[in-house]
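Please read these numbers as outputs of a predicted model, since none were measured by experiment. Proteins get letters first, then strands, A, B, ... in listed order; numbering begins at 1 in each.
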2 protein chains.
Amino acid sequence: MARNTQQKRAILEVLETAERPLSIEEVYALAQKQCQSIGIATVYRNLKTLIEDGRLKGLDLPGGSMVYEMSEKEHHHHFSCLGCKKVFDVDVCFVKFDKLIPEGFSLHQHEILLSGLCKTCSTKD
Amino acid sequence: MARNTQQKRAILEVLETAERPLSIEEVYALAQKQCQSIGIATVYRNLKTLIEDGRLKGLDLPGGSMVYEMSEKEHHHHFSCLGCKKVFDVDVCFVKFDKLIPEGFSLHQHEILLSGLCKTCSTKD
DNA sequence: TTCTTAATGATAGAAGATTATCAATAATGT
DNA sequence: ACATTATTGATAATCTTCTATCATTAAGAA
């Protein structure tokens, strides 16, 4: 049966305490602080199984970068910084999209992706 | 100086007559109908230079698939079919996003990505 | 504590997308 | 028509991301 390893705990804690979605590399770097010997393959493996278990959500955003967040978060959208590539949460969603869909199409999900510069990147230079 | 080749003309015509954004493979397949000997490298090269010239826009959508459309089209959004992976245009955009952005952030662009099943894929099976 | 085996870490390998190479071709200036 | 050279087509090479392999480690049951 499944084991509760140091590595899995570290990865989960990183994502539980993050206040924005994280890339694999970010998860890896942060998990290393709790678990020095952790390998990148372990991060990939655990993120995959945690998504299968429904505990995490993977967001496949434009730019090719995948980011991860806990799945129990409320419905929200994202702001992607063109400078540092970090992804931030935007809590509001007030749009009724059903009406935009062409006749005969069925809508399963929607994602609003806002992009620009975050506070840090817009102030420097 | 730049030459107006058969290949470039074929690629442009394909995208000008398309009524939805096309993937590289789709552009390649359609361009071959006008220009049998065209190679995939030529498609890559021309799409790249046409984007640099501002005539095309590349949309980097979730799933890793890149699609291309003429850049002079009016502001609109996209519906991505989870079945056939085709991307369709959705003409409406009525949302004021500026108000959603956190303090200190600057918004450069927004993209609404709707996904589900297109007419064809939602009727079969 | 001992045993079983799930999980790990390091790295080789696979897979997919894009780019580089280079001889051959064809678009333009003359 | 000819010469020049930008562009092409075929394919090898690169790059990046993720997965497979496998000996080793350690979580949990007894």
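- Contact annotation: the side chain of N4(A) approaches that of R9(A) to within less than 4.5 Å [non-hydrogen atoms, C-beta and beyond].
- Between the base of dG9(D) and the side chain of R45(B) there is a donor-acceptor pair shorter than 3.5 Å.
- Here the side chain of S122(B) pairs no donor or acceptor atom with the backbone of L117(B) at under 3.5 angstrom.
- Distance, K48(A) NZ to dA7(C) C1': 15 Å, rounded to whole Å.
- Atom CD1 of I24(A) is separated from atom C1' of dT17(D) by 9 Å (rounded to the nearest Å).
- At the phosphate of dA26(D), neither OP1 nor OP2 sits under 4.0 Å from any side-chain N or O atom of N4(A).
- Separating the CD atom of Q36(A) from the P atom of dA10(C) is a distance of 12 Å, rounded to the nearest angstrom.
- Between the CG atom of D60(A) and the C1' atom of dT17(D) there is a distance of 12 Å, given to the nearest Å.
- Neither OP1 nor OP2 of dT25(C) sits under 4.0 Å from any side-chain N or O of Q6(B).
- Nearest approach of L107(A) to S115(B), heavy atoms of both residues: CD1-O, 3.5 Å.
- When rounded to the nearest whole Å, the span between OH of Y68(B) and P of dA17(C) equals 11 Å.
- Rounded to an integer number of Å, the gap from CD of E25(B) to P of dA17(C) is 8 Å.
- Phosphate contact (OP1/OP2 of dG9(C), side-chain N/O of T42(A), threshold under 4.0 Å): present.
- Summary of the strand contacts: K8(B) and A41(B) both lie near DNA chain D, and taking for each the nucleotide with the nearest heavy atom, the more 5' one is attributed to K8(B).
- The side chain of S37(A) places an N or O atom within less than 4.0 Å of a non-bridging phosphate oxygen (OP1 or OP2) of dG9(C).
- Candidate nucleotides dA7(C), dA26(C), dT8(D) were compared by shortest atom distance to the side chain of R3(B), and dA26(C) ranks first.
- Rounding to whole angstrom units, CZ of residue R9(B) and C1' of dA27(C) are separated by 9 Å.
- For dT18(C), the OP1/OP2 oxygens have a side-chain nitrogen or oxygen of Y44(B) closer than 4.0 Å.
- Here the CD-NE2 distance, from Q109(A) to H75(A), works out to 10.0 Å after rounding to the nearest 0.5 Å.
- The interatomic distance linking I38(B) (CD1) with dT25(C) (P) rounds to 17 Å, in whole Å.
- For the residue pair H110(A) / H108(A), no side-chain donor-acceptor distance below 3.5 Å is found, with atom types taken as modelled.
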